[in-house]
Structures are given as C-alpha cells and as structure tokens.
**Student:** 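Shown below is the structure under consideration.
One is the number of the first residue; the rest follow in order along the sequence. Ligands are counted one by one from 1 in listed order, and the atoms in each one are counted from 1 as well.
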Amino acid sequence: SILELRLYQGFWLPEHWVPGTIVFQRRFAPRPDDVILASYPKCGTTWLKALAFATAARTAYPPASAGHPLRRLNPHDCVPFIDDIFATGEDAKLDALPSPRLMNTHLPYALLPAPVVTGCRVAYVCRDPKDMVVSLWHFLRRAKPDLSFADTFESVCDGTVAAGPVWDHVLSYWRASVACPDRALFLWYEDLLHDPAGNVRRLAEFMGCPFSAAEDVAAVVDLCSFDEMKALEVNRPGSGTAGRYRVMPRDAFFRKGVAGDWANHMTPEMAARLDEIFREKIRGTGLAFP
Ligand code: A3P
C-alpha cells in the first residue's frame, strides 16, 4: 500500500485517522438539523462543502457579496472535518457551530456512529473512480513527490487505500440513500458539472432550505465554481494549509476540476480494468456509474 493503513471495521484507515474515528464514534451527539457532507477523498468534497455552505448561509451571506466567507476562507475552513476535530480534542468547536451545522467526513457510512444514521442527514458526493485515482495521485504527490501513478492505481484496484475499498465506501452510501432517501442524498461529481443549478436545488431541498422559484441559484453556483474558487487569493499557492490536520496546501484542492482527465494518465487497459472491478462490485445494487 502507498500509506500506513489499519484494517478497522472492514475498511483500511490511515493510521492517523483511527484515534479521531474512535472518538467520533463514541462521542458524537447529532442535532436533528445537522447535515454531514460525506465523500471518498478527491471526489468533490471541497466543492460540496462550498455549495452546501453557500446554500445554507445564503440569507446571512448573499452569495454575490464581496465579503462572503468563501471569498476569504478555503471551504475546508468553513466546514470542519468531524473526525479531525475529535482527533485534536476540539469537540467544543463542534458544539459552538450554529445550527444547522455543516460538517464533513471521509469515513464510509458503515463507520458513522449509530446516532448519525438515525439522527441527522448525510449528503454524499461520488465520482468516476478513474478520475478519482488521477486526482488522488496528484494530491498525494504534493506530500510524497516520488509516489508513482502505477502504485496509486494498484492500491485503488486492490482496495488497500485510505478509507477503502472505494467500492465498499460508495456502496455504503448508495444503500443508505436507497433505504432512506430523506436521510441520505447521493450526488455525482459529473452531474454537478453537467447541471450545477439542478443539483444545488436538490441539495438545498435535502438540507431543508429549498430555493424558491424566484431565488438565484446561479449566484451560489458561480461563487463556488472552480475558476472562481481557484483564483481566490486564499486558495493560491503559498496561501497556507487546510483539510485534514491542516497539512495540505490550500491550492492542492483545486487542480483541474473536470471529468475525463483519466485519459491523460492511464492506458485504455488500465481504464478497462478499473471499470471492470467496479462493474463487478456494484452489480445488482442498482448503482450505475456515469
Ligand atoms: P481534480 O484533481 O481532478 O482537478 P476533494 O475536494 O474531494 O479533495 O476533490 C478534489 C477534486 O475536486 C479535484 O479534482 C479538484 O480540482 C476538484 N474541485 C475542487 N473544487 C472544485 C469546484 N469548485 N468545481 C469543480 N471541481 C472542483
């Protein structure tokens, strides 16, 4: 594997995720209006955080306003990683968040504490695994410059990757969204690219703050668009760190922001192999990759 991993309740967690996960599982007390944003890493977490934050806060902060928090802060500084907060013993930060609280996690649905499953809502964003692998490699390379694409690809294929196997991660949320659509929403990165306004409307409805017909969804979409966010001073190279344990440079969360970049990194044989692995794993579940 490319990281030090521990098999924890059926999933491969990076060693440094384990303490926060355990405390999260034991101590998290949901509020009924909490919305947990969930994702497999590199599938659109940052974008989903920005969209959900801009949507939930749109009365307090009109999206077009120059002083909007998302113009001053990286989305990871607006919506905290729950398990990181528990890892650093900063539970009070979660208590202090105003309702409705927005938080996020990369843990699979099966590892969320039972009160989340019954007590609040979870919105998940999924992405073509081929583009996820490419994005993951570029991201990990920021910390490990000699990491090869081939090794990253192999660890995704054999399941031994952070929070993997990826297919089990995806399926855990897919099944939750089928079983309980008002508690678990399943979104696609590719759908967000194709129809951002329609998907933001779905997200808002799910979060309990639907847009009225007269309201301007486009302003939220524009504020959170890749070009806007990448160009912000706060997300430029050298602007500091964000994300898990605040170790990654903020600009590492904005690379290309497109679908299909896999074609520039893998052979058709590799693509077919990864597609086949996923096809096999999701067969009969009703889930279909775009
Ligand atoms: P690429 O590396 O393919 O460009 P995460 O936020 O889960 O870490 O995922 C990061 C991926 O989402 C990166 O993909 C990044 O460029 C892309 N991304 C970040 N912000 C985005 C936005 N506002 N719109 C579209 N894609 C975005």
**Student:** For E269, give me all partners under salt bridge (charged side-chain N to carboxylate O under 4.0 Å, His left out), at least two apart in sequence or on another chain.
**Tutor:** none
**Student:** With R279, which residues qualify under salt bridge (charged side-chain N to carboxylate O under 4.0 Å, His left out), at least two apart?
**Tutor:** E276
**Student:** For ligand 1, list every N/O pair with the protein closer than 3.5 Å, one pair per line with the distance.
**Tutor:**
| residue | atom | partner | partner atom | Å |
| --- | --- | --- | --- | --- |
| ligand 1 | 2 (O) | S135 | OG | 2.6 |
| ligand 1 | 2 (O) | R255 | NE | 2.8 |
| ligand 1 | 3 (O) | R127 | NH1 | 3.4 |
| ligand 1 | 3 (O) | R127 | NH2 | 2.9 |
| ligand 1 | 3 (O) | R255 | NH2 | 3.2 |
| ligand 1 | 4 (O) | K256 | N | 2.6 |
| ligand 1 | 4 (O) | G257 | N | 2.8 |
| ligand 1 | 6 (O) | T45 | N | 3.2 |
| ligand 1 | 6 (O) | T46 | N | 2.7 |
| ligand 1 | 6 (O) | T46 | OG1 | 2.5 |
| ligand 1 | 7 (O) | K42 | N | 3.0 |
| ligand 1 | 7 (O) | C43 | N | 3.2 |
| ligand 1 | 7 (O) | G44 | N | 3.1 |
| ligand 1 | 7 (O) | T45 | N | 2.8 |
| ligand 1 | 7 (O) | T45 | OG1 | 2.5 |
| ligand 1 | 8 (O) | K42 | NZ | 2.6 |
| ligand 1 | 9 (O) | G44 | N | 3.4 |
| ligand 1 | 14 (O) | R127 | NH1 | 3.2 |
| ligand 1 | 14 (O) | S135 | OG | 3.3 |
| ligand 1 | 16 (O) | R255 | N | 2.9 |
| ligand 1 | 16 (O) | G257 | N | 3.4 |
| ligand 1 | 23 (N) | C224 | O | 2.8 |
| ligand 1 | 23 (N) | F226 | N | 3.4 |
| ligand 1 | 26 (N) | Y189 | OH | 2.7 |

**Student:** Name all residues meeting the salt bridge (charged side-chain N to carboxylate O under 4.0 Å, His left out) criterion together with R72; count only those two or more places apart in sequence or in a different chain, and write none if there are none.
**Tutor:** none
**Student:** Where does the angle between the aromatic ring planes of H76 and F253 fall among parallel (under 30°), tilted (30 to 60°) and perpendicular (over 60°)?
**Tutor:** tilted
**Student:** I want to check a possible cation-pi pair here: K49 against F81, using under 6.0 Å from ring centre and within 45° of the ring axis as the test.
**Tutor:** yes
**Student:** Does F153 have R273 sitting over its ring (NZ/CZ under 6.0 Å from centre, angle to axis within 45°)?
**Tutor:** no
